[in-house]
Amino acid sequence: MSRLQPARGTTDLMPAAMAGHQRVIGTARATAGLYGFQEMATPIFEFAEVFSRPLGDSSDVVTKETYNFTDRGGETLTLRPENTAGVVRAMISNGLTQSLPLKFFYAGPMFRYERPQKGRMRQFHQIGIEYLGPRDGLADAEIIGCGARILDDLGVLDRCTLHLNSLGDSESREAYRAALVDFFTAHEANLSQDSQARLKANPLRILDSKDAGDRAIIAEAPRLDAFLNDGSRRHFDSVTGALDGAGIAWSFDPLLVRGLDYYCHTAFEFITDALGAQGTVLGGGRYDGLSEMLGGPPVPGVGWAAGVERLAMLVGDVVPAAPPVAVMPMDGDAEGAAFALAETLRAVGIAVDLPTGGAIGKRLKRADRAGVRIAVILGSDEVAGGSAQIRDLGAGTQQEVAQAELATVLHAMLGEGQTS
RNA sequence: GCGGGUGUAGCUCAGUUGGUUAGAGCGCCAGUUUGUGGCACUGGAGGUCGCCGGUUCAAAACCGGUCACUCGCCCCA
């Protein structure tokens with residue numbers, strides 16, 4: 001194997017993989033548009049504080065997973081590990097807090113320094129939406145509905161389960177956190193090492209520990225829903241009520257917590273068991289305090305992000321589109337005429353490949369395998385007579401057609417809307 | 001950061017208790033077919049056996065290290 005490899009945790013998106021990504025992104029873009037989300041993009045790197053302030057010290061994403069670097073001007077920059085903070089920063093930077101509500105869709109690469117695994121890369125891609133401004137639970141339900149519809153459009157919803165929880169407002173959360181610390185401190189000696197560390201850094205995270213011993217203790221731990229105050233409970237009820245009313249299936253998961261500090265109220269994940277350990281395919285929640293953490297005015301928001309690689313794996317192989325027509329000169333003498341003819345066809349919207357050189361048989365074979373449906377063959381006889389041979393590679397039939405009629409005949413053979 | 005598995009041709013993989021020139025299928029190239037693909041047949045090209053070191057008369061095989069991939073932990077999309 002060559003030493004010329006991509007850096008660890010990165011990969012080339014060759015056409016077959018790219019086709020899968022494009023299917024995911026294209027579907028998401030179209031469906032998000034159906035909900036009124038407009039596409040935007042933020043820079044791939046930001047000042048480090050954009051991520052370090054809101055994500056919180058307890059988050060592994062910031063403490064050990066970010067790519068940080070100093071540029072020639074001495075600025076400390078971070079490759080974005082996620083995009084919500086960047087979108088909210090963009091809202092503030094562009095003075096859009098006067099123009100609420102805002103609905104954004106994005107797609108692009110994210111970067112986390114982690115040990116690569118199935119469905120986990122150091123450079124990976126996310127699609128996501130952010131709904132900025134609304135405080136009510138209907139907005140939460142709407143973005144969840146949008147996520148569900150995208151999964152459905154991709155044909156993977158039936159392999160996913162929607163897990164839903166409420167983290168409550170800061171008051172509820174603090175009360176719960178205190179109770180949880182009390183409880184787990186009493187059991188500290190029996191917790192796994194990882195969870196003992198989490199007890200100090202981020203006690204909520206103990207709840208989704210996979211350690212068997214931890215799980216036994218967790219089963220006895222106080223539940224978050226018992227600590228929700230009236231406002232938090234009302235908010236959660238409005239979300240679940242809206243989901244039920246729209247027929248969106250969900251299951252209550254009191255152990256679902258999010259790794260990032262800025263989440264409050266609604267937390268949700270679409271989880272599949274078809275991808276091994278990385279089962280979360282789309283996840284998000286409400287982040288009402290984020291704007292203030294970044295130094296902006298208080299602006300509530302909800303959003304989610306989904307992993308393009310993970311979704312593409314669920315979707316399965318996607319065959320990259322090949323041009324349906326290949327114009328082939330018999331030999332070098334016909335190349336000029338073939339190029340001119342190909343250009344004529346492209347001008348009327350027919351996608352055309354122009355394989356030259358080598359034996360005609362070889363080119364026909366390649367074209368057939370690549371999915372080309374029709375070969376237009378030009379030899380010296382055809383060039384002299386102003387005609388072309390049209391060969392249907394599926395049927396094996398061939399006919400001679402005047403070049404002037406070629407576009408019309410090809411359109412008819414390919415059918416409407418299938419010319420590209 | 002921690003643990004397990006795997007690295008042999010472009011791809012998928014064989015390779016016996018360590019033994020002489022490392023194989024197969026697919027793919028690729030050429031021919032049978034000098035203006036035409038799929039099928040068949042014939043021939044051909046293609047390998048630092050991931051890398052470095054060690055053991056041995058002898059290493060693709062055994063040992064150590066290293067790199068990469070992979071699965072899990074952690075974390076998360």
Side-chain angles (χ1 to χ4, degrees), chain A residues 1-9 11 24 28 55 58-65 81-84 107-128 147 160 192-195 197-198 201-202 205 208-212 214 256-260 268-272 275-284 303-314 326 328-331 333-334 355 358-370 372-383 389-398 400:
Chain A
M1 192 180 290
S2 166
R3 295 199 191 98
L4 276 180
Q5 295 174 325
R8 188 165 204 203
T11 190
V24 170
L55 261 42
S58 62
S59 165
D60 277 9
V61 170
V62 161
T63 53
K64 53 186 193 193
E65 293 180 3
E82 56 93 40
N83 204 28
T84 303
M110 308 292 160
F111 305 85
R112 294 182 195 173
Y113 186 89
E114 298 181 277
R115 182 87 175 258
Q117 220 177 295
K118 183 180 187 181
R120 193 172 75 183
M121 299 290 286
R122 289 181 174 179
Q123 176 178 339
F124 61 107
H125 298 80
Q126 287 187 331
I127 51 174
C160 300
S192 68
Q193 262 192 333
D194 281 333
S195 286
R198 284 187 279 231
N202 191 348
R205 285 237 71 96
D208 61 4
S209 169
K210 290 171 185 169
D211 181 87
D214 286 353
L256 173 64
V257 288
R258 311 247 69 221
L260 310 181
F268 67 93
E269 294 184 0
F270 284 88
I271 299 175
T272 181
L275 294 181
Q278 266 64 239
T280 300
V281 116
L282 183 153
W304 53 253
V308 175
E309 283 82 357
R310 292 182 187 180
L311 286 173
M313 280 191 283
L314 278 182
M328 300 188 194
M330 270 329 283
D331 48 43
D333 291 342
I360 186 75
K362 187 62 60 181
R363 280 179 279 156
L364 281 166
K365 185 174 175 178
R366 276 183 183 285
D368 185 38
R369 286 194 190 171
V372 171
R373 296 168 58 195
I374 298 167
V376 175
I377 302 165
L378 278 183
S380 49
D381 294 349
E382 287 78 15
V383 171
Q389 300 290 341
I390 295 184
R391 184 168 185 81
D392 184 322
L393 293 181
T397 55
Q398 185 166 317
E400 186 165 358

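As a basis for the values below, the full set of heavy atoms in this structure was taken, side chains included, without hydrogen atoms, waters or symmetry mates. A, B, ... follow the sequence lines: proteins, then strands. Residue 1 opens every chain. Since we're looking at a predicted model, the values are computed, not measured.
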Give A:Gly128 one of three labels, base, sugar-phosphate or nothing, depending on what nucleic acid heavy atoms sit under 4.0 Å from its own.
nothing
Is A:Gly284 touching bases, backbone alone, or none of the nucleic acid, heavy atoms closer than 4.0 Å?
nothing
Is a side-chain N or O of A:Glu269 found less than 3.5 angstrom from the main chain of A:Ile271, in a donor-acceptor match?
no
Between C1' on B:G1 and CZ on A:Arg112, what's the gap in Å once rounded to a whole number?
17 Å
Rounding to an integer number of Å, can you tell me how far A:Ile377 CD1 sits from B:U36 C1'?
5 Å
Taking atom C1' in both B:G64 and B:U56, compute the distance separating them and give it to the nearest angstrom.
16 Å
Measure distances between side-chain N and O atoms of A:Glu382 and base N and O atoms of B:G35, and say whether any donor-acceptor pair falls under 3.5 Å.
yes
Identify the two heavy atoms, one from A:Gly147 and one from A:Leu282, that lie closest to each other, and give their separation to 0.1 Å.
CA-CD1, 3.9 Å
Side chain of A:Asp194 only, heavy atoms from C-beta on: which candidate in B:G38, B:C74, B:G72 is closest?
B:C74
Tell whether A:Arg198 reaches the base of B:C75 with its side chain through a donor-acceptor pair below 3.5 angstrom.
no
Taking only the P atom of each, what is the distance from B:U8 to B:C13 in whole angstrom?
9 Å
Treating A:Arg122 as the side-chain partner and A:Pro116 as the backbone partner, does any N or O pair qualify as donor plus acceptor under 3.5 Å?
no
Integer angstrom distance from the P of B:C26 to that of B:U42:
12 Å
Could you work out which one of B:C76, B:U36, B:G37 sits closest to the side chain of A:Asp368?
B:G37
So what does A:Met121 touch, heavy atoms closer than 4.0 Å: a base, only the sugar-phosphate, or nothing?
base
The residue, A:Ala306 or A:Asp381, whose nearest nucleotide of RNA chain B is more 5′ is A:Asp381
Sub-3.5 Å donor-acceptor pair from the side chain of A:Arg310 to the main-chain atoms of A:Gly279, do we have one?
no
A:Asn83 CG to B:A77 P, in whole Å, measures 12 Å
Using whole Å, what does the distance between atom C1' of nucleotide B:U36 and atom CG of A:Asp331 come to?
13 Å
Could you pull out the protein-nucleic contacts involving nucleotides 27-34 of chain B (nitrogen or oxygen on both sides, under 3.5 Å)?
| from | atom 1 | to | atom 2 | distance (Å) |
| --- | --- | --- | --- | --- |
| B:G27 | O3' | A:Arg369 | NH1 | 3.3 |
| B:C28 | OP1 | A:Arg369 | NH1 | 2.8 |
| B:C28 | OP2 | A:Arg369 | NH1 | 3.4 |
| B:C29 | OP1 | A:Arg366 | NH2 | 3.1 |
| B:C29 | OP2 | A:Lys362 | NZ | 3.3 |

With rounding to whole Å, what would you report as the distance between B:G7 and B:A14 at their C1' atoms?
15 Å
Euclidean distance for C1', B:G47 against B:U21 (whole angstrom)
14 Å
Grab the CZ-P distance between A:Arg205 and B:C73 for me, whole Å please.
13 Å
Say whether, by atom type as modelled, one donor and one acceptor occur between the side chain of A:Arg112 and the main chain of A:Pro81 under 3.5 angstrom.
yes
Rounded to whole angstrom units, what separation is found between the CD atom of A:Gln117 and the P atom of B:U70?
10 Å
I need the NZ-P distance between A:Lys210 and B:C71, as an integer number of Å.
14 Å
Between A:Val376 and A:Gln389, does the side chain to side chain contact (heavy atoms under 4.5 Å, CB included) criterion hold? Intermediate values first, please.
CA-CA 6 Å; A:Val376 175; A:Gln389 300 290 341; over 6 Å; no
How would you label the contact of A:Leu393 with the nucleic acid (heavy atoms, under 4.0 Å): base, sugar-phosphate, or nothing?
base
Heavy atoms only, 4.0 Å cut-off, all strands: where does A:Gly358 land among base, sugar-phosphate and nothing?
nothing
Might you point out which heavy atoms bring A:Arg391 and A:Leu364 nearest each other, and give the distance in Å?
CD-CD2, 4.4 Å
What closest approach, in Å, do A:Arg363 and A:Met330 show between heavy atoms, and which atom pair accounts for it?
NH2-O, 3.5 Å
What are the two closest non-hydrogen atoms of A:Glu309 and A:Phe124, and how far apart are they?
OE2-CA, 3.5 Å
What about A:Gln398, does its side chain sit under 3.5 Å from the base of B:U36 through a donor-acceptor pair?
yes
Span that lies between the C1' atom of B:C51 and that of B:A24, in whole angstrom:
27 Å
Hey, does A:Gln389 reach any base, or is it just sugar-phosphate, or nothing, if we go heavy atoms under 4.0 Å?
base
C1' atom, B:G15 versus B:U55: distance in rounded Å?
22 Å
Taking the minimum atom-to-atom distance to the side chain of A:Thr280, which one of B:G37, B:A77, B:C71 wins?
B:A77
Shortest non-hydrogen contact from A:Glu382 toward A:Ile377:
CG-O, 4.2 Å
Can you tell which of B:U36, B:C69, B:C75 lies closest to the side chain of A:Arg391?
B:U36
Side-chain H-bond candidate by donor/acceptor type, A:Asp333 with A:Ser380, under 3.5 Å:
no
Is it the case that the side chains of A:Ser192 and A:Asp211 hold a donor-acceptor pair, with the cut-off being a distance below 3.5 Å and no angle test?
no
A:Arg122 CZ to B:C75 P: how many Å, rounded?
18 Å
Dot-bracket line, read 5' to 3' along RNA chain B, where crossing pairs take [ ] and | marks a partner on another strand, Watson-Crick or G-U under 3.5 Å:
(((((((..((((.....[...)))).(((((.......))))).....(((((..]....))))))))))))....
Quote, to the nearest angstrom, the P distance that separates B:G5 from B:C63.
12 Å
Can you check side chain to side chain contact (heavy atoms under 4.5 Å, CB included) on A:Phe111 and A:Tyr113, steps first, answer last?
CA-CA 7 Å; A:Phe111 305 85; A:Tyr113 186 89; over 6 Å; no
Is there a side-chain contact between A:Met313 and A:Val308 (heavy atoms, below 4.5 Å)?
no
Under 3.5 Å, N/O pairs linking protein and nucleotides 2-6 of chain B:
| from | atom 1 | to | atom 2 | distance (Å) |
| --- | --- | --- | --- | --- |
| B:C2 | N4 | A:Arg115 | NH1 | 2.4 |
| B:G3 | O6 | A:Arg115 | NH2 | 3.2 |

RNA chain B: 5'-proximal contact among A:Gly283 and A:Arg8 (nearest heavy atom):
A:Arg8
